Amino acid sequence: MPLYEFVCKKCKSEFEELVLGNGDDVVCPSCGSRKVGKLMSACAHKSGGRFVGSGGGSSCSSCSSGNCSSCGH
């Protein structure tokens with residue numbers, strides 16, 4: 001089951017939800033609204049037995065994309 005980040009369009013609360021299918025049944029845990037939108041999540045990878053974030057959007061010195069998976073570094 002993928003874990004997605006959402007924002008409620010009614011109360012602006014941000015939350016995570018395990019989603020099956022297309023996510024049409026996601027409800028805001030703060031206000032109960034079904035008017036939610038998916039947020040862009042930061043990438044992480046497992047390194048040495050722990051998850052490591054993407055570095056807060058910094059890119060490597062070889063590219064300016066902010067996503068080193070696109071340049072192979």
Side-chain angles (χ1 to χ4, degrees):
M1 283 188 285
L3 180 67
Y4 291 102
E5 294 178 53
F6 292 90
V7 63
C8 177
K9 295 179 181 180
K10 183 176 178 184
C11 73
K12 307 299 183 211
S13 176
E14 293 183 12
F15 60 97
E16 295 178 339
E17 187 78 27
L18 288 173
V19 177
L20 290 172
N22 59 10
D24 287 341
D25 56 346
V26 175
V27 177
C28 174
S30 296
C31 72
S33 175
R34 291 187 179 274
K35 294 182 180 181
V36 300
K38 283 185 184 177
L39 293 174
M40 183 67 74
S41 298
C43 296
H45 64 279
K46 195 169 185 177
S47 173
R50 66 187 200 339
F51 284 96
V52 179
S54 62
S58 63
S59 61
C60 67
S61 61
S62 307
C63 64
S64 60
S65 72
N67 179 356
C68 289
S69 66
S70 65
C71 72
H73 292 111

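Quick caveat: nothing in here was measured; it's all calculated off a predicted structure. Here, residue 1 is the first one in the sequence, and each next residue gets the next number.
Annotation for E14 and V7: closest pair CG-CG2, 3.9 Å, computed over non-hydrogen atoms. Across all their heavy atoms, D25 and R34 have their closest contact at O-NH1, 3.4 Å.
Separation of atoms SG (C28) and CD (E17) is listed at 10.0 Å; rounding is to 0.5 Å.
Residues satisfying the ring-ring contact (aromatic ring centres under 6.0 Å, His included) test with F15, not counting sequence neighbours, are F6. By the side chain to side chain contact (heavy atoms under 4.5 Å, CB included) test, S33 is found to be paired with C8, K10, C31, K35, residues two or more places apart in sequence or in another chain being considered.
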